[in-house]
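So the structure is just underneath, and the comments pick up after that.
In this text the structure is predicted, and so the values were computed from the model without any measurement. In what follows, every heavy atom counts, from backbone to side chain, and hydrogens, waters and symmetry copies are set aside.
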Amino acid sequence: AAATLAAINPQLIQQGHVDKPDSLMTFLGLVCFLTACESWRRHSKRALFLSSLLGGLAVSTKYNALPFLFPVGIVGLLLMGRQGMAKAGILFLLLPLAALLGFVLGTPFALLDFHSFYAQFADQIQVVSTGLPGLVIHGAFYNLRNLISGITTDRGSAWALAALFLFSL
């Protein structure tokens, strides 16, 4: 359902035509969120690791996708409460590693030339910290707003209702 809503959203389609990473980031982030919800519903650690991996891929597409990893952490904490402390500690360590693996798969440059990657990343941190504090979270909320506004417009709502109907069958 998340993929369909992202695929038929008019604003994301328009952004996709100008070759922006927002569409891919939103798609990966929504699938990350959906997989985290599914892991809670099924109490599946495997689905949670997949969600963490997808979240890492979303962050490698655009750093603004970091909030998509929050539900993964929350579900991880909730699932840890159902296990013993030893298994919970292992889960707590493996989830960030899965996200890191997803990030590295999407951005191998981070490993291949770490010095240059770190210099560019530090430059972005400096830009954000010296006058553009809203820049970090702007992208995630901008895409969420576009998704919601695409659903509530006449064209978007018709497609969204059709997609939801098909998935409810």
Side-chain angles (χ1 to χ4, degrees), residues 2-40 44-80 87-150:
T4 303
L5 290 176
I8 62 174
N9 185 288
Q11 284 84 13
L12 292 177
I13 292 170
Q14 184 181 16
Q15 286 179 1
H17 286 285
V18 292
D19 198 27
K20 289 186 175 183
D22 298 76
S23 299
L24 181 60
M25 178 196 73
T26 304
F27 171 75
L28 289 169
L30 288 173
V31 175
C32 167
F33 177 76
L34 180 67
T35 310
C37 293
E38 194 64 21
S39 71
W40 172 246
S44 168
K45 289 182 272 185
R46 181 174 291 168
L48 190 62
F49 287 121
L50 177 62
S51 178
S52 185
L53 183 79
L54 289 166
L57 281 169
V59 171
S60 76
T61 305
K62 196 169 179 182
Y63 297 135
N64 295 351
L66 196 59
F68 283 118
L69 286 171
F70 292 148
V72 175
I74 291 169
V75 171
L77 288 173
L78 292 172
L79 286 178
M80 281 189 273
K87 288 184 179 180
I90 292 170
L91 180 66
F92 190 72
L93 291 174
L94 291 179
L95 281 178
L97 289 177
L100 184 63
L101 176 65
F103 180 79
V104 169
L105 286 174
T107 311
F109 168 69
L111 283 182
L112 297 175
D113 190 2
F114 182 76
H115 181 70
S116 297
F117 169 77
Y118 183 75
Q120 291 174 8
F121 185 76
D123 184 52
Q124 290 297 316
I125 296 286
Q126 183 179 7
V127 166
V128 170
S129 65
T130 58
L132 298 173
L135 186 65
V136 174
I137 59 171
H138 173 73
F141 289 114
Y142 176 76
N143 287 322
L144 183 61
R145 181 185 58 94
N146 280 346
L147 185 66
I148 292 170
S149 67

Kindly compute the distance separating CG (L94) from CG (L100), expressed to the nearest 0.5 Å. 12.0 Å
Where do L28 and A58 come nearest, in terms of heavy atoms and distance? CB-CB, 3.7 Å
How many angstroms lie between CG in L48 and CD in E38, if you round to the nearest 0.5 Å? 12.0 Å
Nearest-0.5 Å distance that lies between atom CG in L53 and atom CG in L95: 11.0 Å
Provide the closest heavy-atom pair for P71 versus F33 in the form atom of the first, atom of the second, distance. CG-CD1, 3.6 Å
For residues F68 and L30, report the shortest heavy-atom separation together with the two atoms involved. CE2-N, 4.1 Å
Among V59, L57, L54, side chain to side chain contact (heavy atoms under 4.5 Å, CB included) partner for C32: L54
Report all side-chain donor-acceptor pairs from residues 101-117 shorter than 3.5 Å, counting only partners two or more places apart or in another chain.
unit_1 : atom_1 : unit_2 : atom_2 : d
D113   : OD1    : S116   : OG     : 3.4
D113   : OD2    : S116   : OG     : 2.8

Between S44 (side chain only) and W40 (backbone N and O only), is there a donor and an acceptor less than 3.5 Å apart? no
Determine the minimum heavy-atom distance between M25 and T61, stating which atoms define it. N-CG2, 3.8 Å
Is a donor on one side and an acceptor on the other found under 3.5 Å between the side chain of S52 and the backbone of A99? yes
Give the C-alpha distance, both sets of side-chain angles, the deciding distance and a yes or no for side-chain contact (heavy atoms from CB on, under 4.5 Å) between S51 and S39. CA-CA 8 Å; S51 178; S39 71; 5.6 Å; no
